[in-house]
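Down below is the structure, laid out as structure tokens.
Nothing fancy with the numbering, it's 1 onward along the sequence. Predicted model, so just to flag it, every value in this text is computed and none were measured. Numbering of ligands and ligand atoms starts at 1, following listing order.
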Amino acid sequence: MSGGEQEQRNYYLGVDVGTGSVRAALVDQCGVLLAFADQPIMKWEPQFNHHEQSSEDIWAACCIVTKKVVRGIDLNRIRGLGFDATCSLVVLDKQFRPLPVNHEGDPHRNIIMWLDHRAVSQVQRINETKHRVLQYVGGVMSVEMQAPKLLWLKENLRETCWDKAGHFFDLPDFLSWKATGVTARSLCSLVCKWTYSAEKGWDDSFWKMIGLEDFVADNYSKIGNQVLPPGASLGNGLTQEAAKDLGLPAGIAVAASLIDAHAGGLGVIGADVKGHGLACEGQPVTSRLAIICGTSSCHMGISKDPIFVPGVWGPYFSAMVPGFWLNEGGQSVTGRLIDHMVQGHAAFPELQAKATASCQSVYAYLNSHLDLIKKAQSVGFLTVDLHVWPDFHGNRSPLADLTLKGMVTGLKLSQDLDDLAILYLATVQAIAFGTRFIIEAMEAAGHSITTLFLCGGLSKNPLFVQMHADITGMPVVLSQEVESVLVGAAILGACASGDFTSVQEAMARMSKVGKVVFPRREDKKLPEL
Ligand SMILES: Nc1ncnc2c1ncn2[C@@H]1O[C@H](COP(=O)(O)OP(=O)(O)O)[C@@H](O)[C@H]1O
Ligand SMILES: O=C(CO)[C@H](O)[C@H](O)COP(=O)(O)O
């Protein structure tokens, strides 16, 4: 790029709060990532199925990564800031101070994480109401959504938390409030996790029926009565205090946020695919499925009209791409499951030692080990007699059954590195079959999907990507920028700055196709007997 062109560059900041870490990126108006930083965040699991975090720890991590990515940059070129985050529940008191969500009373732990399954009895009772709002979450509310968690707090921590609480935020909305002082919620979080309707607003009868009539009585002030579309500019932008924390000038435009999976969707789904030989070329964007694969996997499909898919969340209007309905399939643990299987195996210390000695990640090492042991056959056939059922944390979609458990069949007494590699492969395959199962449910209900767009940490694993292509029979598009969830967050910042007239325009300009992985036909053949 010439010096002249460089001078005209506008920058946008994206901040992505995942389950395990916070990431930030500086992105230009063409979607090119100029700087990246990440920082781990704290997690507590005080008892089985209780998962907690700290909003102060997360904000501190946001500040660290933001300061890192703007180092040496002309700050006046930064035009907008966008946040995305996991859909975890943040609890603050009336003075916006953290409140404990645990029996121990530890106020640092004021977040019930998205994957927390403490509210099982509450969600069962909510589902028994068969209230009409449940039609818009796939027919069955998930224990991972906010209503059961709020009911749990009321029933279990009445005095220490519920009565003192002034504000319940979805994590993405907490971050935009922290940056701007504006308590408006994003349509994305309220529609997807809180039963808000883009067309009809809150449904009083639902909250009354489940025993949370308190929200109706105070006109939803604790959970949000001002709602903005993702990408809308909030208040007067970054406050003085937040600007100081983040190392940025005050007043930079800050966008209404997105949940992390939805930011990943924006970062990948609108790319121009011309010249890649893909069936979705020249077809409506509704033929694309974005899959955001991190700790969990989220399957984001959009449609012009609402499609009701049993066991798949939604349809949600305008929750990701404005003007489109969204269906969101999901697998509650994917990256987390792979890590669990690999790290829990008897041969893991040997794997770690060998991976370190060869300067590789354990996954790169396992992938090359599989190549070595497969010999002449296709890698997929290494698992003809070993199978994994991946619902170790229940099934989010399409069975929508949180009671399901994981399963492995075909185990032997040996526990060497070959066994570990094959178990890892079977886990990856099981996850890919889960995706196929979700796509089949979506297609049976009216979606017509031809192409997958993958992003998130697991999309960096070539075996994971290839297995998704082979098992679904669909090509997988990877983005030019591997951190495309951050491109999605930066797209929000770009919209808030006013530099683009719509989310669609920013998506088309800023998301770019990188590699395309096609399904391999040889893996479809039966092995010779
Ligand atoms: N280069 C890589 N190769 C294989 N797996 C990876 C790679 N990078 C990240 N992962 C896996 O991706 C998952 C985390 O993805 P990430 O998007 O960072 O998650 P989250 O957003 O939930 O914090 C982990 O299970 C991790 O093992
Ligand atoms: O429910 C979700 C999105 O609607 C996600 O599963 C949740 O936000 C966690 O994301 P990640 O696996 O990227 O940490």
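The nearest protein atom to atom 11 (C) of ligand 1, hydrogens excluded, is given as L458 CD2, 3.9 Å; this is a heavy-atom distance. Looking only at protein heavy atoms, the nearest one to atom 9 (C) of ligand 2 is W114 CE2, 3.2 Å. Looking from atom 17 (O) of ligand 1 to the surrounding protein, the closest heavy atom is G457 N, 2.9 Å. Summary of contacts: the protein heavy atom closest to atom 2 (C) of ligand 2 is C87 SG, 3.7 Å. Among all non-hydrogen protein atoms, the one lying nearest atom 3 (C) of ligand 2 is E328 OE2, 3.2 Å. Residue, atom and distance of the protein heavy atom nearest to atom 8 (O) of ligand 2 are D260 OD1, 2.9 Å. The protein heavy atom nearest to atom 24 (C) of ligand 1 is D339 OD2, 3.6 Å. Shortest contact from atom 12 (O) of ligand 2 to any protein heavy atom: S296 OG, 2.6 Å. Among protein heavy atoms, the minimum distance from atom 21 (O) of ligand 1 is reached at R23 NH2, 2.8 Å.
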Checklist entry - Does the pair V17 and C62 meet the rule for a side chain to side chain contact (heavy atoms under 4.5 Å, CB included), with working shown? => result CA-CA 8 Å; V17 179; C62 291; 4.0 Å; yes
Checklist entry - Is there a salt bridge (Lys or Arg N to Asp or Glu O under 4.0 Å) between R109 and E45 once you walk through the steps? => result CA-CA 10 Å; R109 289 152 41 200; E45 195 177 343; over 6 Å; no
Checklist entry - Where do Y316 and K193 land on the side chain to side chain contact (heavy atoms under 4.5 Å, CB included) test, with the steps shown first? => result CA-CA 10 Å; Y316 300 136; K193 309 292 172 179; 5.6 Å; no
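Of all atoms in ligand 1, numbered sequentially from 1 with element shown, those under 4.0 Å from a heavy atom of K460 are 1 (N), 2 (C), 8 (N). Annotation for ligand 2: atoms under 4.0 Å from non-hydrogen atoms of C298 are 2 (C), 3 (C), 5 (C), 6 (O). Residue-ligand proximity, K193 to ligand 2, at heavy-atom distances under 4.0 Å covers atoms 1 (O), 2 (C), 3 (C), 4 (O). The contact set between ligand 2 and T19, taken as ligand atoms under 4.0 Å from a residue heavy atom, comprises 11 (P), 14 (O). Each of the atoms 1 (O), 2 (C), 6 (O) of ligand 2 lies under 4.0 Å from some heavy atom of R396. Set against the non-hydrogen atoms of Y363, the atoms of ligand 1 under 4.0 Å away are 4 (C), 5 (N), 27 (O). Of all atoms in ligand 1, numbered sequentially from 1 with element shown, those under 4.0 Å from a heavy atom of G335 are 25 (O).
Between L454 and L478, some side-chain heavy-atom pair lies under the 4.5 Å cut-off. Under the 4.5 Å side-chain criterion, counting only non-hydrogen atoms from C-beta, I111 is not in contact with F174. Residues H262 and L326 have side chains in contact (heavy-atom distance under 4.5 Å, counting atoms from C-beta outward). Contact of the H447 side chain with the T286 side chain is not registered, since no non-hydrogen atoms from C-beta on lie closer than 4.5 Å.
Distances from ligand 2 to the non-hydrogen atoms of G456 include no value under 4.0 Å. Under a 4.0 Å heavy-atom criterion, C192 is not in contact with ligand 2. Ligand 2 has no atom lying under 4.0 Å from any heavy atom of E144.
Among V333, V22, D38, T295, the residue whose heavy atom lies closest to atom 22 (O) of ligand 1 is T295. One option in G456, G294, A364 has a heavy atom closer to atom 14 (C) of ligand 1 than any other, and that option is G294.
Between the E443 side chain and the I449 main chain, a donor and an acceptor come within less than 3.5 Å of each other. Using a distance-only test at 3.5 Å, with no hydrogens or angles considered, no donor-acceptor pair links the side chain of E440 to the main chain of T435. Judged purely by atom type and a 3.5 angstrom limit, T334 uses its side chain to pair as donor or acceptor with the backbone of S297.
Separating the CZ atom in R436 from the CD1 atom in I471 is a distance of 8.0 Å, to the nearest 0.5 Å.
Contacts of Q360 with ligand 1, taken as heavy-atom pairs under 4.0 Å, are absent altogether. At a heavy-atom distance under 4.0 Å, atoms from both the backbone and the side chain of T295 approach ligand 2.
In terms of polar-atom proximity, defined here as any N/O pair under 3.5 Å, T86 makes no such contact with ligand 2. Residue T19 has at least one nitrogen or oxygen atom sitting less than 3.5 Å from a nitrogen or oxygen atom of ligand 1, judged on distance alone. Ligand 1 has no nitrogen or oxygen under 3.5 angstrom from a nitrogen or oxygen of G18. Distances between N or O atoms of C293 and those of ligand 1 include no value under 3.5 Å.
Tested against V70, the residues V65, L13, L246, L34 include a single side-chain contact (heavy atoms from CB on, under 4.5 Å) partner, L13.
Both tests hold for K304 against F324: distance to the six-membered ring centre under 6.0 Å, angle to the ring axis within 45°.
Sparse packing is recorded around CZ of R336, with 12 or fewer heavy atoms of other residues, nucleotides or ligands lying under 6.0 Å away. More than 12 heavy atoms of other residues, nucleotides or ligands lie within 6.0 Å of NE2 in H50, so this atom counts as buried by the packing criterion.
Of the N and O atoms on the side chains of S303 and D305, not one donor lies less than 3.5 Å from an acceptor on the other residue.
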